[in-house]
Amino acid sequence: MNIGEISTRSGLPAKTIRYYEDIGLILPERSENGYRRFNENDLHRLSFLGRARALGFSIEDCRTLMALYKDEARASADVKQVATEHLTRIEEKIEQLQSMHDTLSHLVSECAGDNRPDCPILNDLASPKACHKG
């Protein structure tokens, strides 16, 4: 398969596939004239990486997960640890986003949204204490 075909079949843009090659996540064969030649194993790896990235795993997490996937002697506990650490980061981000949502929601409800210059949103943004929040 060429890069266009594997892009279509994997659902990943060609640019992403080239990036994964540049950083060593995949290593397609090269023809004598230098063109990439992808096979079914490459398609499987790209599908694996696409799914992992869709779940928000970092590139380094993907490296770890790919190595664990290839290692038939792996322990599922090692895979679970990677996923659990990622889940913890997601939960922390959700908490941060919820705090941002709550604060902004409060400020929007306090703003009259009329022709007066007074604006609680701008006042909060200009507040020195606002610079030190999470």
Side-chain angles (χ1 to χ4, degrees):
M1 284 176 273
N2 64 28
I3 197 162
E5 184 178 350
I6 201 157
S7 174
T8 299
R9 290 185 62 189
S10 69
L12 296 174
K15 184 176 182 177
T16 299
I17 295 169
R18 285 191 292 274
Y19 173 69
Y20 287 168
E21 181 184 7
D22 289 345
I23 64 172
L25 280 175
I26 60 164
L27 299 169
E29 294 179 18
R30 294 280 184 159
S31 66
E32 288 181 19
N33 58 4
Y35 290 109
R36 294 170 184 87
R37 290 191 310 199
F38 296 94
N39 58 40
E40 290 297 321
N41 286 332
D42 295 319
L43 177 59
H44 181 71
R45 280 190 284 275
L46 287 169
S47 296
F48 181 99
L49 291 168
R51 178 69 176 141
R53 294 293 286 157
L55 290 172
F57 284 102
S58 70
I59 293 294
E60 286 311 309
D61 285 342
C62 287
R63 277 188 206 285
T64 301
L65 290 168
M66 184 68 76
L68 287 166
Y69 182 72
K70 289 177 184 178
D71 180 4
E72 293 181 11
R74 70 185 171 264
S76 67
D78 294 335
V79 179
K80 185 174 181 175
Q81 180 182 350
V82 173
T84 300
E85 289 170 1
H86 179 56
L87 186 58
T88 298
R89 290 189 300 271
I90 290 172
E91 289 168 348
E92 289 169 355
K93 188 64 172 177
I94 289 170
E95 287 177 22
Q96 291 172 349
L97 290 170
Q98 187 62 54
S99 176
M100 291 165 52
H101 174 273
D102 294 348
T103 299
L104 191 54
S105 179
H106 170 74
L107 292 171
V108 166
S109 70
E110 293 295 311
C111 182
D114 55 19
N115 291 329
R116 292 178 291 169
D118 183 49
C119 179
I121 300 168
L122 294 176
N123 293 343
D124 182 82
L125 294 174
S127 167
K129 68 176 179 158
C131 294
H132 302 291
K133 290 180 182 177

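All values derive from a computational prediction rather than experimental measurement. Starting from 1, each residue takes its place in the sequence as its number.
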Heavy atoms only: give me the nearest G50-L12 pair and the separation to one decimal.
CA-CD2, 4.0 Å
Group every Ile, Leu, Val, Met, Phe, Trp and Tyr by side-chain heavy-atom contacts under 4.5 Å, then state whether I59 and L87 land in the same group.
no
Please collect all salt bridge (charged side-chain N to carboxylate O under 4.0 Å, His left out) contacts where either partner lies in residues 20-38, sequence neighbours excluded, each pair once.
E21-R30, E21-R36, E29-R37
Calculate, to the nearest 0.5 Å, the distance between atoms CE and CG belonging to M66 and L49 respectively.
3.5 Å
Rounded to the nearest 0.5 Å, what's the gap from CE on M1 to OG1 on T8? Could you check?
11.0 Å
Suppose we screen for side chain to side chain donor-acceptor pair (under 3.5 Å). Which residues come up paired with N33, at least two apart in sequence or across chains?
S31
Going by the rule ring-ring contact (aromatic ring centres under 6.0 Å, His included), which residues pair with Y20 if we only count those two or more places apart in sequence or in a different chain?
none
Report yes or no: do Y35 and L27 belong to one cluster of Ile/Leu/Val/Met/Phe/Trp/Tyr joined by side chain heavy-atom distances under 4.5 Å?
no
Do any pairs count as a salt bridge (charged side-chain N to carboxylate O under 4.0 Å, His left out) and have a residue in residues 53-71, sequence neighbours left out, and if so which ones?
E60-R63, D61-R89
What pairs meet the salt bridge (charged side-chain N to carboxylate O under 4.0 Å, His left out) rule with one or both residues in residues 92-115, with sequence neighbours excluded?
D114-R116
Given a cutoff of under 4.5 Å between side-chain heavy atoms of I, L, V, M, F, W and Y, with clusters grown through shared members, what are the other residues clustered with M100?
L97
Mind checking the CD1-CD1 spacing from I6 to I17? Nearest 0.5 Å is all I need.
6.0 Å
Applying ring-ring contact (aromatic ring centres under 6.0 Å, His included), which residue pairs with at least one partner in residues 92-127 are found, sequence neighbours left out?
none
Under 4.5 Å side-chain heavy-atom separation, chaining through any Ile, Leu, Val, Met, Phe, Trp or Tyr, what else clusters with I94? Say none if it is isolated.
I90
Which atom pairs, donor and acceptor, lie under 3.5 Å between side-chain atoms of residues 38-48 and protein residues at least two apart or in another chain?
from	atom 1	to	atom 2	distance (Å)
N39	OD1	N41	N	2.9
N39	OD1	D42	N	2.9
E40	OE2	R9	NH1	3.2
E40	OE2	R9	NH2	3.3
D42	OD1	R45	NH2	2.8
D42	OD2	N39	N	3.0
H44	NE2	Y69	OH	2.8
S47	OG	L43	O	3.0

Taken in chain and number order and not counting sequence neighbours, the residues that satisfy side chain to side chain donor-acceptor pair (under 3.5 Å) with N115 are none
Which side-chain N or O atoms in residues 75-82 pair as donor and acceptor under 3.5 Å with protein atoms at least two apart or in another chain?
from	atom 1	to	atom 2	distance (Å)
Q81	NE2	E85	OE2	3.0

Mind checking side-chain contact (heavy atoms from CB on, under 4.5 Å) for I121 and listing every partner two or more places apart, or none if nothing turns up?
L107, V108, C111, C119, L125
Closest contact, heavy atoms only, C62 versus A52:
SG-CB, 3.7 Å
Can you tell me if R51 has over 12 outside heavy atoms packed within less than 6.0 Å of its CZ?
no
With a 4.5 Å limit on heavy-atom distance, are the side chains of F57 and L65 in contact?
yes
